[in-house]
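Structure first, then comments.
Atom set for the values below is all heavy atoms of this structure, side chains included, hydrogens, waters and symmetry mates excluded. Keep in mind that what you see is a predicted model, and the values were worked out from it rather than measured.
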Amino acid sequence: MQQKKMAAPCGRMASRPLLQFLSRFSRSPVGNTGFRQFSSATVCPVCLQRLPVISADCSPIEQQFKQMLHQIELEKSVLSDHELRLLEDAEKMSRKQADDYDSDEEDSHGDKEIMMAQDLEDIWEQKMKNFQPALRVRADVDKDLTSAERCLADSLVLLAEQEVGDEKLWLLPQTRWQEGETLRQTAERALTSLPAAGFKATFLGNAPCGVYKYKLPKAIRTENSIGTKVFFFKAILADGAPPKTKKAPFLWVKKSELQKYLKPAYMMKVERFILDL
Amino acid sequence: MNPVFRKVQASVAQQALLLNKALTPCRAAPSIQHPVWCTHSVNERQYKGMPTHGIGRWKYLLPKQAPRKKKDKHQMKRIMSATDTAYGTLNVNVSGYDMTVVEHYSQYIHNFCNRLGIKVADSYALPRKSTEVMLMQEQGTKTYVDAVLKTHHRVVQLSTLNAALCPVFMDVLLKNQPEGVQLSVTEHTEADFQARFKARPELEGLIAQMNQ
């Protein structure tokens, strides 16, 4: 999961004249001790994940096994207090209705309990019928890619459409690293600077979870900027669904759907650290 | 071995052929039984016939453990402190109403730590806490007890956690968290350790008297 080897530069992202323009002006050696020497060609995207809300459905074998285990447990189990009470009450009723019933023989309970166990059960059944659980899977919400409520059984990743050079690409939301801040702070800034977002997230640790390097096409390369290093950070979406804005260019996608949106070289690095458990 | 040879010598006159046939397996047996012969104590019985005698013995291979005295107070394990690259002793606390789910989840965490090579210092359960659910009666203003819910806790104590491994670890734990189970990761303190013991009011009273 952690990348131990540096990736060989693979593929070329779209040309980035804007990038190169900025790097000429703002590039300067970082003087802080304890900070690594990053050039401003470092970018920190944040991999914001929405955790699964409900457990995934069992496969057929798992369902069969579950049923079998349940049956075994039921057959091996002992009667509970409530069930014992039910049996006692049923016995008492049958004895009362028998012809040779003598009420003096019964143990004096004083005031007979008003609530029979069967009545309690009926009351509980009624309450159960009144309770409407929410639907586990809603087909219409599942298809809406912008909603954070889709596919409750899977974990989703946020994708934003951002301008990289000339084209608009679907990427993990990112910003450029600035001097004097740690990589994690850059990633946090990337999250807060998303337009109309208001996502609240908790970052998992200070260490990045993935790296991607790419070289700029030869036409734009200068002495300063040959390429870009991309450090990915993971974050978990905190509770509280953000207000949905229809025009915001965000998508919540599952890992299997990532391939449709990301470039192949980028996708290769990203899918290494996104867990699809 | 000696009784076998004595038997052979005694009945040599009667059944020479049969005994010769029986001798060869007996002669082969001593070389196999030899290692067992050396390690047995005088009082143990040895069945001499079977070549596989003593094949299942394993307790002699275990290291000798000092017998534990009952009077030993429970010593607290050393609490590791955080360094630049690793967290110190952490408590992963799993709690919920359904005991089977909580236990299975804590077992899953423990197995996961073993697989990743994270050292698990301790794995214990805290006493359960009962919560009474009181509902208002429909006709009156009194509340009555509707249900009793018991919250179970399980704690997996990790001695250290590498800071680079932490995001991966937390990610997997959060993604596999079952419904109805709360997960919390905190640092372990001595107060946490002492909270597990029962209070002994008489002892405390006596100590207070002594100190006065």
Side-chain angles (χ1 to χ4, degrees), chain A residues 1-4 34 46-56 58 66 69-70 73 77 81-82 115 120 123-124 126-127 133-134 136 152-157 183-184 187 201-211 231-239 254-255 272-277, chain B residues 82-88 90 92 94 96 98-105 108-109 111-113 115-118 133 135-139 144-150 158 160-187:
Chain A
M1 279 178 246
Q2 289 289 328
Q3 296 216 356
K4 301 245 172 89
V46 61
C47 171
L48 183 64
Q49 299 180 85
R50 188 222 68 191
L51 295 174
V53 177
I54 54 176
S55 53
C58 299
K66 205 162 93 168
L69 275 186
H70 186 70
E73 274 181 23
S77 66
D81 287 341
H82 175 71
M115 283 296 218
L120 275 174
I123 293 175
W124 295 336
Q126 275 294 318
K127 278 194 194 165
R136 275 173 70 100
L152 290 175
D154 299 309
S155 52
L156 305 175
V157 179
L183 284 179
R184 179 172 156 164
T202 1
F203 275 79
L204 296 171
N206 294 328
C209 56
V211 154
F231 290 102
F232 297 95
F233 280 84
K234 257 190 196 171
I236 303 279
L237 183 71
D239 274 342
K254 295 191 275 194
K255 189 173 175 182
R272 281 181 73 164
F273 60 80
I274 294 188
L275 299 169
D276 196 23
L277 295 172
Chain B
T83 66
D84 272 344
T85 49
Y87 293 98
L90 293 176
V92 180
V94 181
D98 192 356
M99 189 175 75
T100 45
V101 180
V102 167
E103 271 197 358
H104 279 250
Y105 187 51
Y108 170 79
I109 296 176
N111 280 327
F112 186 59
C113 291
R115 265 200 191 247
L116 289 188
I118 304 174
V133 175
L135 283 183
M136 290 282 284
Q137 262 183 356
E138 272 116 45
Q139 276 93 36
Y144 68 95
V145 177
D146 191 35
V148 176
L149 296 172
K150 297 174 192 150
L158 316 172
T160 48
L161 183 60
N162 203 359
L165 191 55
C166 171
V168 176
F169 180 68
M170 284 311 300
D171 200 24
V172 174
L173 249 57
L174 287 167
K175 285 202 169 137
N176 285 301
Q177 196 180 352
E179 300 110 317
V181 164
Q182 278 83 48
L183 174 73
S184 84
V185 182
T186 53
E187 284 184 0

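Interface remark: B/D171 contributes backbone and side-chain atoms alike to the contact with chain A (heavy atom separation under 4.5 Å). In this structure, the portion of A/I236 lying under 4.5 Å from any heavy atom of chain B is its side chain and not its backbone.
Between B/K175 and A/S155 the shortest side-chain heavy-atom distance falls below 4.5 Å.
Heavy atoms from other residues, nucleotides or ligands lying under 6.0 Å from CD of B/E187 number 12 at most.
Across A/T202, A/L275, A/L51, a single residue satisfies side chain to side chain contact (heavy atoms under 4.5 Å, CB included) together with B/L174, and that is A/L51.
A pairwise comparison of heavy atoms in B/A164 and A/A207 identifies CA-CB, 4.4 Å as the closest pair.
Between the side chain of B/E179 and the main chain of A/V53, no donor-acceptor pair closer than 3.5 Å is present.
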